[in-house]
Amino acid sequence: MKKIPVGTQGIELYGLPWYAKNGCRTHRLPDTVRDAVSLELWDVAQDTAGARIRFLSDTGTCGLIFEAVNYNERKGEGTGALQNYLMGFDLYADGCFWKNAVPAHAGENEVFFFRDTARKKRLFEIYLPMHLSVNDIRVILDDDASLWPDAGYAGPPLVFYGTSITQGYSVSRPGQAYPCQVSRAMGRDIVNYGFSGAGRGEAVVAHVVAETQASCYILDFGQNCESLREFRQNLRPFVEIVRACAPDTPILLTTPIFYLQENWDEELQIFQRGRREIVEEVYASLHRMDPKLHLLRWNEKAPFKSGCAQTDGAHANDLGAYWMSCALCEALKEFL
């Protein structure tokens with residue numbers, strides 16, 4: 001079997017725009033901002049959420065060799081047994097999910113998705129872990145497997161900025177995060193700047209987002225801001241920074257999704273209403289001079305009140321992420 005490093009011989013890596021400048025390490029923020037962001041944000045930026053390996057081959061065997069960098073820190077965090085899958089890789093073949101492969105330990109790992117399968121030319125996409133950092137990735141293929149040039153995705157990537165919901169924290173596996181579902185549905189590349197617990201809209205992050213080439217910027221944050229005041233202070237400057245760097249690129253604002261506790265918690269109802277009003281205010285004030293600024297109201301498009309689409313009453317599960325992806329695809333198709 002041959003072992004091919006990602007980024008060579010037709011094994012393409014997507015979703016990590018700073019990969020080369022970061023010395024071929026897979027964290028999602030550029031090294032240049034490390035001292036300018038919080039330790040919490042830098043830590044979660046090591047997760048490879050949204051990154052994909054993509055290649056066209058007739059191999060009958062496929063596996064990976066890689067280094068699991070922060071395995072011990074991530075093991076057992078969050079959602080218990082489910083977390084193992086979020087620390088794994090998802091393999092899709094011609095758009096269909098085949099298998100998730102999970103590292104067994106810290107350091108170097110070798111995993112296989114399939115062996116001795118019937119040979120056929122297929123487009124393979126491997127989603128990197130949502131909740132783990134991995135480096136030195138090599139793809140294992142049959143010695144005589146052919147590799148063909150892949151046409152790639154349509155246009156520049158959709159660039160998402162948000163919180164744990166955007167990162168995909170409570171879906172079942174990496175390929176189920178709503179930005180990944182949008183990518184498959186629309187055939188577009190994505191960059192996932194969803195930072196669990198740390199998506200507060202700081203200016204330094206806004207500049208990173210703005211410097212990332214995009215076909216659209218989707219801004220879905222606010223839940224991590226500690227107060228309405230902080231959200232109000234951060235949202236409009238974030239939009240203005242992105243617009244200054246990308247004057248002709250669509251920007252899509254979203255309102256916070258429904259939390260189940262809003263059904264009975266009056267204090268949370270008021271807080272969530274305030275968050276949504278801030279988004280509405282920023283949109284209304286800027287849209288008059290910026291027709292490429294758009295708004296998606298999640299509550300009108302994703303029926304979270306039913307109670308079956310969230311793992312903990314807040315984070316979208318697979319169904320909730322699917323609803324969000326459908327709503328986004330509908331909105332994006334109107335102006336892309």
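One-based numbering along the sequence shown.
Using a distance-only test at 3.5 Å, with no hydrogens or angles considered, a donor-acceptor pair links the side chain of S38 to the main chain of L41. S57 places a side-chain N or O within donor-acceptor distance of the main-chain N or O of S146, the cut-off being under 3.5 Å. Panel note: side chain E67, backbone E108; no donor-acceptor pair is recorded below 3.5 Å. Checking side-chain atoms of D265 against main-chain N and O of E267 turns up a donor-acceptor pair under 3.5 Å. A donor-acceptor pair is defined here as one N or O able to donate and one able to accept, closer than 3.5 Å; such a pair exists between the side chain of N109 and the backbone of G107.
Under the 3.5 Å distance criterion, with hydrogens and angles disregarded, no donor-acceptor pair is assigned to the side chains of H287 and D290. A donor-acceptor contact closer than 3.5 angstrom is absent between the side chains of Q269 and E262. Side-chain atoms of N317 and S170 include no donor-acceptor pair closer than 3.5 Å. Using a 3.5 Å distance cut-off with no hydrogens or angles, the side chains of T166 and Y178 do pair a donor with an acceptor. Between the side chains of S133 and N70, no donor-acceptor pair of N or O atoms lies under 3.5 Å.
Put simply, CZ on R122 and OG1 on T117 are 7.0 Å apart, with the number rounded to the nearest 0.5 Å.
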* To do: For the pair C180 and I190, evaluate side chain to side chain contact (heavy atoms under 4.5 Å, CB included) and give the outcome as yes or no after the intermediate values.
  => CA-CA 7 Å; C180 297; I190 60 165; 4.1 Å; yes
* To do: Under the ring pair (Phe, Tyr, Trp, His ring centres under 6.0 Å) rule, what do H105 and Y71 come out as? Steps first, then yes or no, please.
  => CA-CA 7 Å; H105 46 74; Y71 179 90; 7.3 Å; no
* Can L56 and L147 be said to form a side chain to side chain contact (heavy atoms under 4.5 Å, CB included), step by step? -> CA-CA 6 Å; L56 195 61; L147 284 164; over 6 Å; no
* To do: Kindly indicate, with the supporting measurements, whether the criterion side chain to side chain contact (heavy atoms under 4.5 Å, CB included) is fulfilled by M324 and F304.
  => CA-CA 10 Å; M324 295 176 78; F304 281 105; 3.8 Å; yes
* Go through N224 and T163 one step at a time and tell me if the side-chain hydrogen bond (donor to acceptor under 3.5 Å, both in side chains) criterion holds. => CA-CA 7 Å; N224 290 156; T163 63; 4.6 Å; no
* Could you give me the CA-CA distance, side-chain angles and deciding distance for T249 and R243, then say whether side-chain hydrogen bond (donor to acceptor under 3.5 Å, both in side chains) is met? => CA-CA 8 Å; T249 304; R243 176 54 74 226; 5.5 Å; no
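Among F113, F97, W98, the one residue that satisfies the ring-ring contact (aromatic ring centres under 6.0 Å, His included) test with Y92 is F97. Remark: of the listed residues V279, T254, I251, V279 is the sole one forming a side-chain contact (heavy atoms from CB on, under 4.5 Å) with L295.
Linking ILVMFWY side-chain heavy atoms closer than 4.5 Å, directly or via other members, places V33 and V191 in a single hydrophobic cluster. Grouping the Ile, Leu, Val, Met, Phe, Trp and Tyr side chains by contacts below 4.5 angstrom, directly or via other members, places Y85 apart from L319.
Checked against a 6.0 Å centroid threshold, the rings of Y14 and Y153 count as neighbours. For F66 and F89, the ring centers sit closer than 6.0 Å to each other. Taking the ring centroids of F195 and F221, they lie at or beyond the 6.0 Å cut-off.
Counting heavy-atom neighbours within 6.0 Å of D143 CG, excluding the residue itself, gives a total above 12. Heavy-atom neighbours of Y19 OH from other residues, nucleotides or ligands within 6.0 Å: above the threshold of 12.
Electrostatic pairing of R236 and E281 does not count as a salt bridge here, judged by no charged N lying under 4.0 Å from a carboxylate O. A salt bridge is absent between E300 and R276: the closest approach of a Lys/Arg side-chain nitrogen to an acidic carboxylate oxygen does not fall below 4.0 angstrom. Ionic pairing of R54 and E125 is present here: one or more N-O contacts between side-chain nitrogen and carboxylate oxygen are shorter than 4.0 angstrom. Electrostatic pairing of E280 and R275 does not count as a salt bridge here, judged by no charged N lying under 4.0 Å from a carboxylate O. Salt-bridge check for D142 with R119: passed, with a basic side-chain N closer than 4.0 Å to an acidic carboxylate O. D31 and R25 are joined by a salt bridge, as a carboxylate oxygen and a charged side-chain nitrogen come within less than 4.0 angstrom of each other. Ion pairing between D189 and R52 holds under the 4.0 Å rule for side-chain N and carboxylate O. Contact check on K2 versus D144 returns no salt bridge, with no Lys/Arg side-chain nitrogen under 4.0 Å from an Asp/Glu carboxylate oxygen. With salt bridges taken as basic N to acidic carboxylate O contacts below 4.0 Å, none links D58 and K121.
Scanning all heavy atoms of the two residues, the minimum distance from N72 to A106 falls at ND2-CB, 4.0 Å. Nearest heavy atoms, V134 versus A68: CG1-CA, 4.4 Å. For Q213 against V159, the heavy-atom pair with the smallest separation is O-CG2, 3.8 Å. Listed here is the closest heavy atom pair of N263 and F258: OD1-CZ, 3.4 Å. For the residue pair N299 and P256, the shortest heavy atom distance occurs at OD1-O, 4.0 Å. Annotation for Y217 and A210: closest pair OH-O, 3.3 Å, computed over non-hydrogen atoms.
Y283 does not carry R288 over the face of its six-membered ring by the limits of under 6.0 Å from the centre and within 45° of the normal.
Screening residues 28-61 for ring pair (Phe, Tyr, Trp, His ring centres under 6.0 Å), with sequence neighbours left out, gives H27-W42, F55-F124.
Ring orientation note: the planes of H131 and Y169 are nearly perpendicular, at an angle over 60° on the 30°/60° scale.
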